[in-house]
Amino acid sequence: MTDLILYSHPFSSYCQKAIVAFYEKDLPFEQRMLDSEGAMAELKALWPFGQFPVLKDGDRRFAEASIIIERLDQISPATPMIPTEPDLALEARFMDRVFDNHIQTNQQRIIYNAIRAEADRDPLIVTEAKARLDTAYAWLNDVMADRTWAAGEAFTLADCGAAPGLLYAHWTHSIPKEHVHLWAYRRRLLARPSYARALDEARPYRDYFPLGAPDED
């Protein structure tokens, strides 16, 4: 048994983000699947907003994937997801914000619009979100021209979120083929054993993707 209980679902990008950090650290945890009986009520008792993942660590709870990963660094400092060198730590946190705010947020705006009743859909939301994703793709392509991972040569917090973020973003609004550095980075993420494992665990749920999941990846 472990004191670490993660309320999550394998298909959620933010849950995958946290799960990748667990796998990077080889840290045991219990996954409380949110489609199991009573799990969502338990989560809301810990975090009334109902967002996931949520980590229950003994009598403490941690919400938000980035904070959960920082907590894992406290528990298991080996294989740090946030570099110990201050400037690299700042870069990792910055790139983490880029992937959450400029990739995942805009991708999810398109998805949330798609699952609304047809009469409530707003095409302007989709147009704006796609334009912002295009800006993010171009910027990231330049950044990744001379980096192996998001913040440099070490796999960090930012890469934990980039892996599912870029996966679902591409499914939603394709990354242009000319962004060769971003595509190379995406391939490295898909090949990373920690993310490959999380991605395989999500495969049975691909029919949840509202726009239709592609056969690739």
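Just so you know, these numbers use all the heavy atoms, side chains as well, and skip hydrogens, waters and symmetry mates.
- With sequence neighbours left out, H102 forms a side chain to side chain donor-acceptor pair (under 3.5 Å) with no residue at all.
- Rounding to the nearest 0.5 angstrom, the gap separating the OH atom in Y168 from the OG atom in S12 is 7.5 Å.
- Taken together through direct or relayed side-chain contacts under 4.5 Å among Ile, Leu, Val, Met, Phe, Trp and Tyr, Y7 and M40 form part of one hydrophobic cluster.
- P164 approaches C160 most closely through the heavy-atom pair CD-O, 3.1 Å.
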Evaluate the criterion salt bridge (Lys or Arg N to Asp or Glu O under 4.0 Å) for residue pair R61 and E42; output intermediate values, then yes/no. CA-CA 12 Å; R61 67 102 183 94; E42 292 172 22; over 6 Å; no
Is there a side chain to side chain contact (heavy atoms under 4.5 Å, CB included) between D73 and L157 once you walk through the steps? CA-CA 10 Å; D73 267 4; L157 163 74; over 6 Å; no
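- Looking only at side-chain heavy atoms (C-beta outward), D26 and T79 stay at 4.5 Å or farther from each other.
- Looking at residues two or more places apart in sequence or on another chain, you find a side chain to side chain contact (heavy atoms under 4.5 Å, CB included) between D100 and Y14, K17, S66, D96, R97, Q104.
- How far CD1 of I110 is from CD1 of I115: 13.0 Å, rounded to the nearest 0.5 Å.
- Looking only at side-chain heavy atoms (C-beta outward), F22 and I69 stay at 4.5 Å or farther from each other.
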Please report the C-alpha distance between H9 and Q31 in whole Å, then the side-chain angles of each, then the deciding distance to 0.1 Å, and finally whether the side chain to side chain donor-acceptor pair (under 3.5 Å) criterion is met. CA-CA 8 Å; H9 191 280; Q31 184 168 197; over 6 Å; no
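- Between I82 and T156, every side-chain heavy-atom pair lies at or beyond the 4.5 Å cut-off.
- A continuous path of Ile, Leu, Val, Met, Phe, Trp and Tyr side chains, each step under 4.5 Å between heavy atoms, connects V98 with L133, placing both in one hydrophobic cluster.
- Counting only residues at least two apart or on different chains, the salt bridge (Lys or Arg N to Asp or Glu O under 4.0 Å) pairs with a member in residues 127-152 are E91-R147, R109-E128.
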Just distance, no hydrogens or angles: give the donor-acceptor pairs under 3.5 Å from side chains in residues 52-59, sequence neighbours left out.
from : atom 1 : to  : atom 2 : distance (Å)
K56  : NZ     : G58 : O      : 2.9
D57  : OD2    : R71 : NE     : 2.9
D57  : OD2    : R71 : NH2    : 2.8

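- Atom SG in C15 sits 11.0 Å away from atom CD in Q51 (nearest 0.5 Å).
- The structure places NE2 of H170 at 6.0 Å from CD1 of I175, a figure rounded to the nearest 0.5 Å.
- Ring geometry, F29 versus Y23: the interplanar angle falls from 30° to 60°, so the pair is classed tilted.
- Pairing each heavy atom of I68 with each of A18, the nearest pair is CG2-CB, 4.2 Å.
- Here the shortest heavy-atom pairing between G50 and K44 reads CA-CG, 4.0 Å.
- Remark: F11 CZ to L34 CG distance equals 14.5 Å, nearest 0.5 Å.
- Hydrophobic clustering, with ILVMFWY side chains joined whenever heavy atoms are under 4.5 angstrom apart, groups I111 together with Y205.
- In this view, A138 and H179 satisfy the side chain to side chain contact (heavy atoms under 4.5 Å, CB included) rule, not counting sequence neighbours.
- In terms of the side chain to side chain donor-acceptor pair (under 3.5 Å) criterion, residue partners of R116 (sequence neighbours excluded) are, by chain and number, N113.
- Residue pairs meeting the ring pair (Phe, Tyr, Trp, His ring centres under 6.0 Å) criterion with at least one member in residues 106-156, sequence neighbours excluded: W149-F155.
- Shortest non-hydrogen contact noted between P83 and A89 is O-CB, 3.3 Å.
- Residues that satisfy the side chain to side chain contact (heavy atoms under 4.5 Å, CB included) test with D87, not counting sequence neighbours, are E85.
- Linking Ile, Leu, Val, Met, Phe, Trp and Tyr residues whenever their side-chain heavy atoms come within less than 4.5 Å places L166 and F94 in a single cluster.
- Looking at residues two or more places apart in sequence or on another chain, you find a side chain to side chain contact (heavy atoms under 4.5 Å, CB included) between E153 and T148.
- Once rounded to the nearest 0.5 Å, the distance linking CG of L72 with NZ of K25 reads 6.5 Å.
- A donor-acceptor pair is defined here as one N or O able to donate and one able to accept, closer than 3.5 Å; such a pair exists between the side chain of T127 and the backbone of P123.
- Listed here is the closest heavy atom pair of W183 and P176: NE1-O, 3.1 Å.
- Applying the side chain to side chain donor-acceptor pair (under 3.5 Å) test to pairs two or more places apart or on separate chains, those with a residue in residues 184-200 are Q16-Y195, E24-R192, E24-S194, D159-Y185, R186-D217, D200-R203.
- Hydrophobic cluster membership differs between M95 and L90, with clusters built from Ile, Leu, Val, Met, Phe, Trp and Tyr side chains linked at under 4.5 angstrom.
- A donor-acceptor pair under 3.5 Å is formed between the side chain of N141 and the backbone N or O of H181.
- When every heavy atom of L4 is checked against every heavy atom of P28, the shortest pair comes out as CD1-O, 3.8 Å.
- Residues satisfying the side chain to side chain donor-acceptor pair (under 3.5 Å) test with E37, not counting sequence neighbours, are none.
- Shown here are the side chain to side chain donor-acceptor pair (under 3.5 Å) partners of S36, two or more places apart in sequence or in another chain: R32.
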